[in-house]
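Since the structure comes first, as structure tokens, the remarks are kept for the end.
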Protein chains: 2
Amino acid sequence: MTNEVETLSNAITENGYRLTAARKAVIETLVACGGHVSADQLAKRVREVAPQVGRMTVFRTLEVLGKVGVIRPIYQGTGAAHYVLMHKGSHHHLICIRCHQVIDFDQCESGDLTQRLGQKFDFQVQSHLLEVYGLCKNCR
Amino acid sequence: MTNEVETLSNAITENGYRLTAARKAVIETLVACGGHVSADQLAKRVREVAPQVGRMTVFRTLEVLGKVGVIRPIYQGTGAAHYVLMHKGSHHHLICIRCHQVIDFDQCESGDLTQRLGQKFDFQVQSHLLEVYGLCKNCR
DNA sequence: TGCAAGTTTGAGACTTAATATCAGTGATAT
DNA sequence: ATATCACTGATATTAAGTCTCAAACTTGCA
Ligand SMILES: [Mn+2]
Ligand SMILES: [Mn+2]
Ligand SMILES: [Zn+2]
Ligand SMILES: [Zn+2]
């Protein structure tokens, strides 16, 4: 069991939800494919491993994981929401507005910023998403 | 005509698209309500002023505005994508994961960061979106 | 001005995504 | 064992997004 799976699982149990077999399957599949999938894409993959798991359960598990703050739906212009992992406290993208390529990056010095914001707005910061838009190497 | 309307209109014409009456109506309505609306919400409002404008035209105008970089669809967990204005080069949110309140803020010292990123990844930065998630004053 | 080529438009049909229901299962506590 | 409540998944329904096509409009050029 990878560390990510553990983090997501713990987030479930620590918030009073039950870590059922169906939810385990959803979490493991989501982590295995590194996020960036839609609910229906994920449901399809989950059912390759655990065919009994219904589509609704996938949607509901994603909802719970979002509620406890370890994943986040983002809009990628494909109709369906895609989910990214927030378990490290942040997620960062460079997105080309022409070819729609998404480049992940980890380094982000915005920790200070988010802390200051928290104070200013009396807000308990848990995580953040930074998306930078523009043109990639190939597209300009 | 407000400055925002002008910026969005110019983005249309400067990229070789035509600034038609229908597109003007969409832009004016979008700016008038400050963004943060879904395509269908916007279509409804546009038709209060310009009843002949079809739903498809609203979707297509939003697509064009996105392509030229002055608006951006975001996912707010409500099913439909919502559109925010990026004409100032950035957009920032504090979002409560419990009550889903969205607090806008303008100050963002991440200009440096995005510039460095641009160099590192050979990426021409145009704009960015920063969303900070957590619990608002009332929700903790 | 008259015409051709290309863009934009809007009605409607259609596909896909998301949500609501509800009876049934499984876990938990007493 | 029983009562209670969370969870599940099939199905139905609604909402959101996309596709198509003929008509209208622009624009550039003869
Ligand atoms: Mn990512
Ligand atoms: Mn905003
Ligand atoms: Zn690109
Ligand atoms: Zn709140």
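Order of the sequence lines fixes the chain letters, A, B, ..., with proteins taken first and strands second; residue numbering starts at 1 for each chain.
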| field | Worked verdict on A:H128 versus A:H91 for ring pair (Phe, Tyr, Trp, His ring centres under 6.0 Å) | value | CA-CA 7 Å; A:H128 68 267; A:H91 200 110; over 10 Å; no
| task | Rounded off to whole Å, could you give me the CZ-to-P distance for the A:F59 and C:dT21 pair? | result | 17 Å
| Are the side chain of B:T7 and the backbone of B:N3 linked by a donor-acceptor contact shorter than 3.5 Å? | yes
| Hey, are B:Y83 and B:R72 close enough side-chain-wise for a donor-acceptor pair under 3.5 Å? | no
| message | Between B:T20 and C:dT8, is there a contact of a side-chain N or O with OP1 or OP2 at under 4.0 Å? | response | no
| message | Under a 3.5 Å distance rule, please check whether B:Q41 uses its side chain to pair with a backbone N or O of B:S38 as donor and acceptor. | response | yes
| request: Mind telling me whether B:H93 and B:H36 have parallel, tilted or perpendicular rings, with 30° and 60° as the class edges? | output: tilted
| field | Residue whose nearest DNA chain C nucleotide is more 5′ - A:A80 or B:G54 | value | B:G54
| request: Specify the separation, in whole Å, of atom OH of B:Y17 and atom P of C:dT8. | output: 8 Å
| request: Measure from CD on A:E63 to P on C:dA18 and round the result to the nearest Å. | output: 12 Å
| said: Using whole Å, what does the distance between atom P of nucleotide C:dA18 and atom CG of A:D40 come to? | reply: 7 Å
| query | Taking CE from B:M56 and P from C:dT15, how many angstroms apart are they, rounded to a whole number? | reply | 16 Å
| request: Provide, to the nearest angstrom, the distance between the CD1 atom belonging to A:I12 and the P atom belonging to C:dA27. | output: 16 Å
| field | Sequence neighbours excluded, every pair satisfying side chain to side chain donor-acceptor pair (under 3.5 Å) that has a member inside residues 51-69 of chain A | value | A:D40-A:R55
| message | Any side-chain N or O of B:Y75 below 4.0 angstrom from OP1/OP2 of C:dA18? | response | yes
| Can you give the first and last nucleotides of DNA chain D, 5' to 3', that have an atom under 4.0 Å from a heavy atom of chain B? | D:dA16 to D:dT27
| How is A:R23 classified with respect to the nucleic acid when contacts are heavy atoms under 4.0 Å: base, sugar-phosphate, or nothing? | sugar-phosphate
| message | For A:R45, is the CZ atom crowded, meaning more than 12 foreign heavy atoms sit under 6.0 Å from it? | response | no
| remark: Sorted by position of nearest nucleotide on DNA chain C, 5' first, the leading residue of B:V58 and A:R60 is B:V58
| Has the side chain of A:R18 got a donor or acceptor atom sitting under 3.5 Å from an opposite partner on the base of C:dT28? | no
